[in-house]
Amino acid sequence: MTAPVRTRSSAELIRAEEPVLAHNYHPLPVVVARAEGTWVEDVEGRRYLDMLAGYSALNFGHRNPVLIEAAHRQLDRLTLTSRAFHNDQLAEFAESLAALTGLDMVLPMNTGAEAVESAVKVARKWAYEVKGVPADRATIVVADGNFHGRTTTIVSFSTDETARSGFGPFTPGFRVVPYNDPAALEAAVDETTAAVLIEPIQGEAGVIIPDEGYLTGVRELTRRAGCLFIADEIQSGLGRTGSTLAVEHEGVLPDVLLLGKALGGGIVPVSAVVARRDVLGILRPGEHGSTFGGNPLAAAVGSAVVGLLETGEFQRRAAEAGAVLRNGLAALVGKGVVGFRSRGLWAGVDIDPAIGTGREISERLMREGILVKDTHGSTIRLAPPLTITDEELRSALGALEKVLTA
Ligand SMILES: Cc1ncc(COP(=O)(O)O)c(C=O)c1O
């Protein structure tokens, strides 16, 4: 049986959502109906260049043919077993992901927030069992301006009042220090510290890139202090910055790596905690789990994603196209752009507030056929699929110039 054909317009569909869909998002008024590569199409057939890529969940483009084929193949054989049984896709997924990252073991989960939650649990248990922190005294040091997800424990250490307000009581055990401040970090770490948890580049904060040497400092400090370095690469990882991982720009390897978003190829939610064996090895049966984590469909897609990254092609492309993006943005400084930060195909662009808020700029770009999203205030974030061509990138930059100088 085929699904009935729906004929409602974009405007009707937006209106229909209002009374029945929770208002926890404020989407741009575009109703996407299909997509291919870097392009999406709305209900009326208008085409838009996707410069957001599902917050980096679509690094390999919409409906990447290799990933779609892997998903189809798996859909036709086996989709879910639960971890009550083994499945024939999981070994390869874990082996290949461990090899790609240079770590030893994988804990498969589904969403980014679940990977963060899982890492918090693993770090605490590691602190009690290996480091010898007294029961219930473990602390985790995090950074101001962080974004690690939306669960109650994760918003407990958020510094964004909109994300926190009204959701207490909060989970204790976290210390917040300024980002990119080695001295503050060092002062916050003590014998109770299980881990330092940071984003190597803060995405939601506006693509904030720490000073050269900061990540090396975090690595050295955590090693010296005998605590774990957990890098949340859920948004920065898997090719986005021109390398497989953002930490590679300083040549450091964390003890625990959190991946998500692009790991599911834009098809299914797939996340993972990837870590050294002496860290993840502390989990025993029954102590942690997920009905869907490591399901064969997710594992098949995840393995195919790793396969794409093994070629190095996407990382190279992100670096090359990243130079086009950086040069294009540099040329707009003083023409409505007051500053920007970029690494690979990822940029936070601060627009002159006199021209408009990030939201207003995003809406004007949407009318020019370019989809972006604001982060805070007058900052917009650009993160197109890594498959974008130089020509497409230049057309997006041209539209931005038009909007800024209109
Ligand atoms: C760095 C980082 N960590 C965690 C998350 C949460 O991921 P999810 O929305 O899949 O729970 C995000 C999402 O934007 C993120 O950017």
Side-chain angles (χ1 to χ4, degrees), residues 22 24-27 52-59 101 107-123 140 142-160 162-164 167 174 176 179-180 195-210 215 218 229-241 244-247 254 256-274 290 292-295 298 301-302 305 341 343-348 372-376 379-383:
N24 55 326
Y25 278 90
H26 181 32
L52 180 67
Y55 299 102
S56 290
L58 289 152
N59 281 3
T101 55
L107 169 64
M109 300 298 288
N110 309 284
T111 64
E114 278 180 303
V116 176
E117 284 277 349
S118 305
V120 166
K121 288 175 69 178
V122 167
I140 293 178
V142 300
D144 191 9
N146 71 72
F147 187 87
H148 297 287
R150 300 293 196 170
T151 65
T152 33
T153 287
I154 294 172
V155 299
S156 296
F157 55 87
S158 167
T159 54
D160 175 353
T162 309
R164 278 168 61 86
F167 299 118
F174 298 95
V176 185
Y179 189 60
N180 193 25
V196 172
L197 163 63
I198 53 156
E199 297 155 83
I201 293 176
Q202 288 190 327
E204 297 303 304
V207 189
I208 308 296
I209 304 173
L215 300 175
V218 175
F229 176 7
I230 306 175
D232 180 345
E233 294 242 20
I234 287 164
Q235 194 164 164
S236 60
L238 307 179
R240 173 59 51 197
T241 64
T244 304
L245 302 172
V247 287
V256 180
L257 182 65
L258 309 182
L259 297 171
K261 293 190 192 278
L263 194 56
I267 301 174
V268 279
V270 185
S271 69
V273 179
V274 192
S290 158
F292 294 100
N295 71 73
V301 172
V305 164
R341 302 153 296 281
R343 179 154 289 166
L345 272 174
W346 202 20
V372 304
K373 192 74 175 73
D374 51 306
T375 56
H376 297 284
T379 301
I380 57 169
R381 167 229 331 254
L382 305 178

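Small disclaimer: the values here were computed from a predicted structure and weren't measured. Whatever order the structure lists them in is the order used to number ligands and atoms, beginning at 1.
Every residue two or more places apart in sequence or in another chain that forms a side chain to side chain contact (heavy atoms under 4.5 Å, CB included) with A262 is listed here: N59, F60, L238. Applying the ring-ring contact (aromatic ring centres under 6.0 Å, His included) test to F229 and every residue at least two apart in sequence or in another chain returns nothing. Remark: F147 engages no residue in a ring-ring contact (aromatic ring centres under 6.0 Å, His included) (not counting sequence neighbours).
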Quick one: table the atom pairs, ligand 1 N or O against protein N or O, below 3.5 Å, distance rounded to 0.1 Å.
from     : atom 1 : to   : atom 2 : distance (Å)
ligand 1 : 3 (N)  : D232 : OD1    : 3.3
ligand 1 : 3 (N)  : D232 : OD2    : 2.7
ligand 1 : 10 (O) : G112 : N      : 2.8
ligand 1 : 11 (O) : G112 : N      : 3.4
ligand 1 : 11 (O) : A113 : N      : 2.8
ligand 1 : 14 (O) : K261 : NZ     : 2.7
ligand 1 : 16 (O) : Q235 : NE2    : 2.8

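A salt bridge links R381 with E204: at least one charged nitrogen is closer than 4.0 Å to a carboxylate oxygen.
Put simply, the side chain of I380 does not reach to within 4.5 Å of the side chain of T375, judged on heavy atoms.
Across V274, V270, D232, a single residue satisfies side chain to side chain contact (heavy atoms under 4.5 Å, CB included) together with L259, and that is V274.
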